[in-house]
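Inspection log for the structure reproduced underneath, given as structure tokens.
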Amino acid sequence: MLEAERKQGQFPLLEMSHLLYGGKDQFDRFLERQSFFDDHPMFKVNHDFYNKSRQDQILLNAERTVEAMKKLSLADPNYYTPNVLCPQGIFISTVHYAMVIPAFQVLASDEQISKWMTSLKNFSAFGCYAQTELGHGSDVQNLKTVAVFDKQTSEFVIHTPNIEATKFWPGELGLYCEFALVFAQLQVDGKGYGVHPFWIRIRDKETHKPLSGIEIGDIGPKMGYAVKDNGFMSFDHYRAPLDSLLNRYIKVSKDGKVERQGNPKVGYGSMMYMRNILCDQYTKFGGRALAIAVRYSLYRKQFKDDNKQEIRILDYQCQQQKLFPLLAEFYACVFGSVKIKELVNENFNRISQKNDFSLLGLTHAVLSGAKANYTYFVSNCAEWCRLSCGGHGFAHYSGLPIIFFEMSPNITLEGENTILNLQLARYLLKQLQHVVQKPSAVPEFFKFLSLETAKFDDVTTIESLITLLGLNCANLTKYAAQKLMSHPDMKESWDTKSGIALAKAASTFIPYFNMLCFLDTINNKAKETKEILTVLARIYGITMLLNNMQGLLLKNQLSSQQIKALQDTRESLYPIIRVNALCLVEAQGLSDNSLQSLIAPREGDVYMNMYNFASKENSLNKQQVHNGINYIQKMREVNAKL
Ligand SMILES: Cc1cc2nc3c(=O)[nH]c(=O)nc-3n(C[C@H](O)[C@H](O)[C@H](O)COP(=O)(O)OP(=O)(O)OC[C@H]3O[C@@H](n4cnc5c(N)ncnc54)[C@H](O)[C@@H]3O)c2cc1C
């Protein structure tokens, strides 16, 4: 039924697939990994999974992690492709590989790395990242767990002084890990040295029970993340050896001398690692949701046209309005993430090879903004795809709820998005200052801040849209700066007077950045690929402006005619996307098993799929008369007495 749609595609599918995966080799490797999951019985789509208890889901996920490990290196971030990460919940190894090991690599001394790295990699030292506490998460400097140095024994006494200091949320802590990277306030001789990581054993090697002086457990059910054992942990004067402190940047000697060394800014490195994965890999979940929603919108028909033919819902302009801007945004984020990955790698290379920190500030700022922007996109995209599929989108068998549940926490973890936008805002303000005082110091990506005005014949070309997005962000940054300065106390102003303006300014930077990356990707492509990408880029740019053009309106830099032109142009581009929509989502090369959706197979009868699941596989129907019926009798009895 979809074959005719497929044939309508106006661009070479394979070239697009290579673009989406960063090259032919990467795409081929993705297909190879995907076929492993497709062929393995344990990873076959099974929607009755969601009828299982959390206990059973956790066990099945553990079994699946082992099977995946037999074949794939889960330590390699290139393997964090959608189906690997999220068969029906995130694998057990994720935090260990994506957070603990990178933190170790950055914060541990060479001796500590050679002592631990083999056992970290082969899982004999399996750890969690225990930073957040009940009372504090974002405000890391204010954590309350203490590590007090005891001169008599040359040990650290790790202690949870009150309930709010209880470690809370670390993934893989609740049930599994034997070690933890515990972030605590270092105190030596009554003096505080700030928060530092301590690598400590928390469970017994033989019995797996928490060691004496440590209480551990799972925090309970959450919105999604059912298979993940996010945990809590408290310490009662637990003694940890001297070398538990990861000591690349701070050393405590046996007799309590504290010595700082190297550039502690490198500490940002481990956060960058995970944020880069969030941008590079997790963004693909948006594409997965779109593949489901677009295919379903082609299968689904509602109401008839004048010829009494039922209309595919993707033909409705309102349905296109729900999906096509998101499709354009997906492509924009993927192309943006390629540039970000290059930036992060270049930054690490400069630091490790030349001790050159010149790219750190820029990389941190762009990555902070992108993590916020892309994770909002994925969650928003999953929700709108669900809504676009009507009733069936609400069912687990659509494959959409799991994407929303597993992806929406990314807005909060690894740097809460508002806080990250505020960090980008700080960098924008610094560059704004440079624009006036030292223009040569402004990095290329931020030169737009000098824009004051712009004139266009046509506001809807890619070049005009880039300028408009830059001008919008520049105006909002200047507005935020004025707000900030209009109050005598800068800190108070930042926290209580100008936060909204600052966060807003920052949130408009990534759309500008993404458009630059989009343009870069379009150049030098084959004609047909270039044409369809240009359409997507224009839809993306227009949508970003229409969603947030406050900066331009503040200075009357966009007329009502121009706004109308933006709206009309976007609508006029939808028919081109309509013809190519199926190919644009199928360029991701996702198999039916990867999509995990009964409503969006490559070919098939979606209604038969759903009916078969409900009537044959849904385990709730296995018992012909359910025990719950006893309560109906009780309800009748209660009602009879009324
Ligand atoms: C699924 C999941 C997995 C996690 N895994 C781990 C893990 O493995 N290890 C670990 O250590 N932690 C983990 N966490 C915890 C996570 O890192 C924190 O929840 C996160 O950093 C946000 O901190 P918070 O909860 O303190 O939020 P808060 O900072 O309390 O945020 C609450 C609200 O206050 C606002 N806010 C706070 N401060 C400011 C400010 N200065 N300006 C403006 N607004 C502000 C925020 O924007 C937000 O709207 C996990 C959390 C989740 C949900």
Side-chain angles (χ1 to χ4, degrees), residues 85-86 89-103 126-145 160 164-177 179-184 195-198 202 216 218-234 270-271 273-275 277-278 282 368 371-372 375-376 378-379 402 404-426 480 484 490-507:
L85 237 175
C86 194
I90 288 168
F91 284 158
I92 299 178
S93 54
T94 317
V95 175
H96 178 79
Y97 281 136
M99 291 175 75
V100 175
I101 293 184
F126 176 28
C128 68
Y129 189 91
Q131 185 171 291
T132 306
E133 297 174 355
L134 263 175
H136 294 91
S138 307
D139 186 2
V140 176
Q141 294 316 314
N142 218 358
L143 294 177
K144 300 292 181 219
T145 303
T160 305
E164 68 173 281
T166 309
K167 291 293 173 192
F168 219 81
W169 278 109
E172 300 163 3
L173 167 65
L175 304 175
Y176 289 125
C177 64
F179 287 83
L181 196 57
V182 178
F183 287 77
V195 173
H196 293 277
F198 296 80
I202 55 171
I216 316 179
D218 175 90
I219 65 167
K222 305 159 294 258
M223 183 178 117
Y225 261 53
V227 300
K228 185 64 76 185
D229 57 330
N230 295 88
F232 69 87
M233 173 164 62
S234 61
S270 58
M271 287 186 308
Y273 188 84
M274 185 60 196
R275 284 179 195 162
I277 291 175
L278 286 170
Y282 283 55
S368 298
K371 184 271 179 184
T375 55
Y376 276 139
V378 174
S379 169
I402 185 79
F404 181 77
F405 283 145
E406 297 300 305
M407 293 300 113
S408 53
N410 294 341
I411 291 172
T412 305
L413 53 79
E414 271 306 299
E416 197 277 331
N417 279 1
T418 305
I419 310 254
L420 289 185
N421 269 331
L422 289 171
Q423 290 184 13
L424 170 58
R426 202 175 284 281
L484 183 68
M490 210 68 138
K491 166 78 179 130
E492 193 185 330
S493 178
W494 183 281
D495 288 338
T496 64
K497 310 277 182 226
S498 43
I500 299 170
L502 289 160
K504 180 134 202 131
S507 72

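Throughout, residue positions are numbered sequentially from 1 according to the sequence presented. As the structure lists them, so they are numbered: ligands from 1, and atoms in each ligand from 1.
Checked by atom type and distance alone, the side chain of Lys228 pairs as donor or acceptor with a backbone atom of Phe91 at under 3.5 Å. Between the Gln423 side chain and the Ser368 main chain, no donor and acceptor come within less than 3.5 Å of each other.
Residues of the protein with a heavy atom under 4.0 Å from ligand 1 are Tyr129, Gln131, Thr132, Gly137, Ser138, Trp169, Pro170, Gly171, Tyr225, Asn230, Pro409, Thr412, Leu413, Glu416, Thr418, Ile419, Leu422, listed by chain and number.
Applying the salt bridge (Lys or Arg N to Asp or Glu O under 4.0 Å) rule to Glu406 yields no partners; only residues at least two apart in sequence or on another chain are considered.
Under the 4.5 Å side-chain criterion, counting only non-hydrogen atoms from C-beta, Asn230 is in contact with Tyr225.
Ring orientation note: the planes of Tyr176 and Phe126 are tilted relative to one another, at an angle of 30° to 60°.
Applying the side-chain contact (heavy atoms from CB on, under 4.5 Å) test between Ser507 and each of Asn417, Leu424, Asn421, Leu502 identifies Asn421 as the sole match.
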